[in-house]
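Scope of the values below: all heavy atoms of this structure, side chains included, with no hydrogens, waters or symmetry mates.
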Amino acid sequence: MKVRALFALVFVTCAGLLGVAFYMEHVMGLEPCPLCWLQRFGFMGVGLVSLVAALHGPKSLGLRVYGFLLVATAGAGLGVAGRQLWLQNLPPDQVPACGPSVDYMLEVLPFMDVLTTALKGTGDCAAVVWRFLGLSIPGWSAVFFVLLVILGLIMLFHRGASKNQIAG
């Protein structure tokens, strides 16, 4: 597959996933928790890297650089999704207390405090409010982040990168 087309597909996929997230928030009324916001930023990061790569059309070294950036951004998102899945599987008596909304925290707290609180997660992050095929929202995020990390690793270590194609 051509590199530009592959990165464009990743960009469209991330845009679609973000569209679903905003649909769930604004139409279905599901309020995103701090870890949900961080996962959105992960998909935004992957989408941005992929958009730039699709416009650039990298070859050999560039493909490896974009592959590394894809692994880094998707890996960070996977870590956040994993943290939320861990919180969702805690016994009820070990779930952290619920916290204020991200919007409120951004208004009253310094950014680093908001980020620290978001990374820890709150009781809101442990609530499972939606499932599809047995997976919660962070479960599906983790699936997509794993696929993106694998794709990034393939690009990072691909030997035939000079032909501007991946696998064929």
Side-chain angles (χ1 to χ4, degrees), residues 1-56 66-67 69-90 92 95-109 111 113-155:
M1 181 175 213
K2 294 280 187 188
V3 171
R4 282 181 189 254
L6 184 59
F7 278 116
L9 178 63
V10 171
F11 170 74
V12 168
T13 300
C14 288
L17 290 169
L18 289 166
V20 168
F22 287 113
Y23 175 84
M24 292 175 121
E25 178 182 357
H26 296 289
V27 176
M28 295 173 62
L30 302 179
E31 187 69 31
C33 72
L35 291 176
C36 291
W37 275 106
L38 291 175
Q39 289 167 71
R40 288 181 184 186
F41 290 136
F43 285 119
M44 287 177 199
V46 170
L48 181 62
V49 166
S50 299
L51 177 62
V52 171
L55 295 172
H56 177 220
Y66 288 117
L69 293 172
L70 199 63
V71 169
T73 53
L78 179 59
V80 172
R83 171 78 175 158
Q84 188 169 5
L85 287 168
W86 177 76
L87 286 170
Q88 288 182 343
N89 287 291
L90 282 175
V95 172
C98 292
S101 72
V102 174
D103 293 334
Y104 176 77
M105 287 192 296
L106 286 171
E107 287 179 19
V108 299
L109 295 174
F111 179 74
D113 289 350
V114 174
L115 186 60
T116 303
T117 301
L119 286 171
K120 288 179 185 174
T122 65
D124 301 333
C125 300
V128 178
V129 295
W130 180 88
R131 285 189 185 272
F132 179 69
L133 299 176
L135 289 178
S136 62
I137 296 169
W140 282 108
S141 291
V143 167
F144 281 100
F145 282 129
V146 165
L147 294 173
L148 292 165
V149 166
I150 291 169
L151 179 62
L153 288 171
I154 290 169
M155 291 176 184

So which heavy atom on [X] is nearest to which on [Y], and how close?
X   : Y    : result
S50 : L70  : OG-CD1, 3.8 Å
F7  : A54  : CB-N, 3.7 Å
C14 : L148 : SG-CD1, 4.4 Å

State, yes or no, whether a side-chain contact exists between L151 and L6 at a heavy-atom distance under 4.5 Å.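 They are in side-chain contact.
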Flag side-chain contact, heavy atom, 4.5 Å: Y66 against H56: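 Side-chain contact under 4.5 Å: yes.
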Separation between CH2 of W140 and CG of L17, rounded to the nearest 0.5 Å: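 The CG atom of L17 is 10.5 Å from CH2 of W140, to the nearest 0.5 Å.
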At what distance, to the nearest 0.5 angstrom, does CZ of F11 lie from CG of L48?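 It comes to 8.5 Å.
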Taking the six-membered ring for Trp, are H26 and F22 parallel (under 30°), tilted (30 to 60°) or perpendicular (over 60°)?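 Because their plane-to-plane angle is under 30°, the rings of H26 and F22 count as parallel.
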Could you tell me which residues satisfy side-chain hydrogen bond (donor to acceptor under 3.5 Å, both in side chains) with T13, sequence neighbours excluded, listed by chain and number?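 Partners of T13 under the side-chain hydrogen bond (donor to acceptor under 3.5 Å, both in side chains) test: none.
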Holding to side-chain contact (heavy atoms from CB on, under 4.5 Å), I want the full list of residues that pass it with A142, two or more places apart in sequence or in another chain.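 Listed in chain order: L78, A81, L85.
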Sequence neighbours left out, cut at 3.5 Å: what donor-acceptor pairs do the side chains of residues 38-45 make with other protein atoms?
| from | atom 1 | to | atom 2 | distance (Å) |
| --- | --- | --- | --- | --- |
| Q39 | OE1 | S141 | OG | 3.1 |
| Q39 | NE2 | L35 | O | 3.1 |
| Q39 | NE2 | Q84 | OE1 | 2.6 |
| R40 | NH1 | E25 | OE1 | 2.8 |
| R40 | NH2 | A21 | O | 3.2 |
| R40 | NH2 | E25 | OE1 | 3.2 |

